[in-house]
Asks: 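Let me begin by handing over the structure; questions about it come next.
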Amino acid sequence: EHAVALLRRVREQMLRAAGVLGVSRDGLEVHAGGSLVRGAAQCKDLDVVVTHSSGESYWRVVDTAIEFMVQDGDIDTILRGGSGKPRGEMGTLELIVHGIAPHRPSFVRVDIKYCAFHARACALLYFQSGASFNRTLRLLALRRGFHLTNTRLERVGSGTAVSV
């Protein structure tokens with residue numbers, strides 16, 4: 001319930017930012033992962049994976065949404081982040097966000113990962129599942145001659161991504 005409310009707030013800010021920037025809202029994808037989604041509330045983190053089908057505008061949407069969340073008082077602290085276009089296929093912002101549910105005034109760590117559209121399948125697989133599942137899946141991929149990361153699947157030694 002808490003994760004759903006928090007994700008809803010982050011998604012609202014992403015849509016607001018897309019509208020202000022004139023970026024198509026249809027291509028914007030905002031997905032949740034992390035311990036709150038998996039029900040392991042002791043970690044109190046929420047991973048949000050953001051991508052856009054345009055391939056280029058997603059990082060501007062994230063930066064603008066973060067500005068809105070700071071202005072609205074949603075964000076307490078930006079722990080680490082890099083505004084602007086990410087180098088490579090993924091960028092990460094680590095935030096401390098005020099609890100959204102009125103009866104839970106605690107803080108939650110939110111990691112916003114913005115990834116290239118073609119990398120979203122691997123990012124979602126990685127950030128929406130737990131550590132044990134990820135290790136098992138990576139081992140299975142390796143046994144089949146592949147290397148799996150949070151941004152790509154490639155044949156071992158080839159350096160070329162396999163379409164997923």
Asks: Working to the nearest 0.5 Å, report the span between CD of Q13 and CZ of R8.
Replies: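 If we round to the nearest 0.5 Å, Q13:CD and R8:CZ are 13.5 Å apart.
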
Asks: If I take atom CG from residue L153 and atom NE2 from residue H147, how far apart are they, to the nearest 0.5 angstrom?
Replies: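 With rounding to 0.5 Å, CG (L153) is 9.5 Å from NE2 (H147).
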
Asks: Quick one: side chain to side chain contact (heavy atoms under 4.5 Å, CB included) partners of E67, sequence neighbours excluded?
Replies: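 E67: no side chain to side chain contact (heavy atoms under 4.5 Å, CB included) contacts found.
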
Asks: By side chain to side chain contact (heavy atoms under 4.5 Å, CB included), which residues pair with R143, not counting sequence neighbours?
Replies: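 Per chain and number, R143 pairs via side chain to side chain contact (heavy atoms under 4.5 Å, CB included) with L139.
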
Asks: Taking side chain to side chain contact (heavy atoms under 4.5 Å, CB included) as the test, write out the residues that go with A17, two or more places apart.
Replies: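 In terms of side chain to side chain contact (heavy atoms under 4.5 Å, CB included), with neighbours along the sequence ignored, A17 is linked to V61, T64, A65, F68.
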
Asks: Would you kindly confirm whether V162 and F117 end up in one hydrophobic cluster when ILVMFWY residues are joined by side chain heavy atoms under 4.5 Å apart?
Replies: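 V162 does not cluster with F117.
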
Asks: Would you indicate whether the side-chain heavy atoms of C122 and T149 approach each other to under 4.5 Å?
Replies: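 With C-beta onward as the side chain, the pair stays apart.
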
Asks: Please give me the minimum heavy-atom distance between F127 and K113, naming the atom from each residue.
Replies: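 Answer, listing the atom of F127 first, then K113: CE2-CE, 3.1 Å.
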
Asks: Can you tell me how far CE of M14 sits from CG of L7, rounded to the nearest 0.5 angstrom?
Replies: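 That separation rounds to 9.5 Å.
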
Asks: Side chain to side chain contact (heavy atoms under 4.5 Å, CB included) with F133: which residues, sequence neighbours excluded?
Replies: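 Residues passing side chain to side chain contact (heavy atoms under 4.5 Å, CB included) with F133: L125, S129, L137.
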
Asks: If two hydrophobic side chains count as joined below 4.5 Å and joins carry through other members, does V20 share a cluster with V30?
Replies: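 No, no single cluster joins them.
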
Asks: Is any side-chain heavy atom of Y126 less than 4.5 Å from a side-chain heavy atom of R138?
Replies: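 A side-chain contact exists here, since the closest heavy-atom pair is under 4.5 Å.
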
Asks: Who pairs with S24 by side-chain hydrogen bond (donor to acceptor under 3.5 Å, both in side chains), at least two apart in sequence or on another chain?
Replies: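 S24 satisfies side-chain hydrogen bond (donor to acceptor under 3.5 Å, both in side chains) with no other residue.
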
Asks: Do the non-hydrogen side-chain atoms of R120 and V49 ever get within less than 4.5 Å of each other?
Replies: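 Not in contact.
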
Asks: Within the side chain of D111, is there an N or O that forms a donor-acceptor pair under 3.5 Å with the backbone of D47?
Replies: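 Side chain of D111 to backbone of D47, a donor-acceptor pair under 3.5 Å: no, none is there.
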
Asks: Which pairs, with at least one residue in residues 14-27 and sequence neighbours excluded, count as a salt bridge (Lys or Arg N to Asp or Glu O under 4.0 Å)?
Replies: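 Checked against salt bridge (Lys or Arg N to Asp or Glu O under 4.0 Å) - neighbours excluded - the pairs reaching residues 14-27 are R16-D72.
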
Asks: Quick one: does any side-chain atom of R155 pair with a main-chain N or O of F146 as donor and acceptor, under 3.5 Å?
Replies: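 It does not hold such a pair.
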
Asks: Identify, with sequence neighbours excluded, every residue that meets side-chain hydrogen bond (donor to acceptor under 3.5 Å, both in side chains) alongside H31.
Replies: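 Partners of H31 under the side-chain hydrogen bond (donor to acceptor under 3.5 Å, both in side chains) test: E29.
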
Asks: Does a side-chain heavy-atom distance below 4.5 Å link V48 with R11?
Replies: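 Heavy-atom side-chain distance check fails, nothing below 4.5 Å.
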
Asks: Can you check whether L148's main-chain N or O pairs, donor with acceptor, with E154's side chain at less than 3.5 Å?
Replies: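 Answer holds: no.
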
